[in-house]
2 protein chains.
Amino acid sequence: MKTLKYSRQRESIKSCLMARHDHPTADALYTSIREEYPNISLGTVYRNLNLLVELGEIQKLTCGDGADHFDADTSPHYHFVCRDCGQVYDLPLKTLDNINQLAQEYAAGHVDSHTIFFYGTCKNCLKKNLQ
Amino acid sequence: MKTLKYSRQRESIKSCLMARHDHPTADALYTSIREEYPNISLGTVYRNLNLLVELGEIQKLTCGDGADHFDADTSPHYHFVCRDCGQVYDLPLKTLDNINQLAQEYAAGHVDSHTIFFYGTCKNCLKKNLQ
DNA sequence: GTCCCTGCAAATCCTTTGCACTCCT
DNA sequence: AGGAGTGCAAAGGATTTGCAGGGAC
């Protein structure tokens, strides 16, 4: 068990992520944080994001668009990814509580979590495409 | 619409993937195919895998372990990923037909597909961990 | 003082791409 | 012949890591 020391960078990363309603990539967050801490490095952002994921304080979303996204909301919920603009949205779809148990029966082992991503075109892009 | 020409490499990649019960990464498939075609290049494997995905003949699985995996089974089904050994297993869990429609109501746009990944420890690794 | 954390840059991993050449059709 | 496909190697993007210095406790 390693001891954790305070760092203003980590605080900033965490609060910046919590303040955002989207699900930024490490790089997007880095750009954002640079406004307050112009000297922070991308490596530090990655290191702290991974640390926060390990601590269970944030969530990493691998939706398949190249870069991982991060989410300060760790409560179980699902995501909608727009293939046109790349935005990742939360879905207030209630958790399928029984689905892990259902999977458990078929999985050759122990299931402890699951992810669901929906893909399609968001309203903004649907509108844009009509023009 | 581009014309498609036969290539023994593409045939080999496709049949090699269909013959496997696991869900290999591009690199794993490359190693496998090299036994038959020692001169095939990794670039060709990637190019053809992407082409086959576009044609809808195979499926790309981005489960978040670094490299994409590929699956010759394009029928809708879900996957179990062992965090210990990295194996990706099929789950004979029946499709949640209504889930896309359910998501549709909350998604700000049009949903056309979804992916579900379960994570945990497979039987082999559970056994190994006890020793 | 100790040890964690940082900035920086180099390294690593996975994937894509440019180019000259080869093989289908 | 024409153009799609290939091998090779270099480029690309995302993420990690080694190191020397800085900050928390």
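Computed from heavy atoms alone, side chains included, the values below leave out hydrogens, waters and symmetry copies. Below, chain A is the first sequence line, B the second, and so on; all start at residue 1.
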Short side-chain N/O contact to C/dC23 OP1/OP2 from B/Gln9, under 4.0 Å: no

Given D/dG5, C/dC5, C/dC24, the nucleotide with the shortest approach to the side chain of B/Arg10: D/dG5

Single hit among A/Thr115, A/Asn50, A/Leu52, A/Asp71 for side-chain contact (heavy atoms from CB on, under 4.5 Å) with A/Lys60: A/Asn50

Contacting residues from residues 46-68 of chain A, given that a heavy atom lies under 4.0 angstrom of DNA chain C: A/Arg47, A/Asn48

Short side-chain N/O contact to D/dT6 OP1/OP2 from B/Ser7, under 4.0 Å: yes

Ring-ring centroid check A/His79 A/His77, cutoff 6.0 Å: yes

Nearest-angstrom distance from the residue atom CG of B/Leu42 to P of C/dC13: 14 Å

Side-chain H-bond candidate by donor/acceptor type, A/His114 with A/Tyr78, under 3.5 Å: yes

Integer-rounded Å distance: C/dC23 P and B/Ile40 CD1: 14 Å

Value in whole Å for how far the P atom of D/dA14 lies from CZ of A/Phe70: 13 Å

Spacing between A/Asn39 atom CG and D/dG21 atom P, to the nearest angstrom: 18 Å

Any donor-acceptor N/O pair under 3.5 Å between C/dC24 base and B/Lys5 side chain: yes

Side-chain N or O of A/Thr44 closer than 4.0 Å to phosphate OP1/OP2 of C/dG7: yes

Residues A/Arg10 and A/Ser15: side-chain donor-acceptor under 3.5 angstrom: no

Below 4.0 Å: OP1/OP2 of C/dC4 and any side-chain N or O of A/Thr3: no

Pair B/Ser75-B/Asp73, side-chain donor/acceptor within less than 3.5 Å: yes

Same cluster (ILVMFWY, side-chain, under 4.5 Å), B/Leu91 and B/Leu126: no

Whole angstrom value for the distance that separates P of D/dT6 from CD of B/Glu11: 11 Å

First encountered from the 5' end of DNA chain C, between B/Arg8 and B/Gly43: B/Gly43

Shortest side-chain distance from A/Tyr6, nucleotide among D/dG5, D/dA24, C/dC5: D/dA24

Single-linkage hydrophobic cluster, 4.5 Å side-chain cutoff, B/Val53 and A/Val81 together: no

Length of the line joining B/Leu4:CG and C/dC23:P, which is rounded to integer Å: 19 Å

Whole-Å distance separating the CD1 atom of A/Ile33 from the P atom of C/dG7: 10 Å

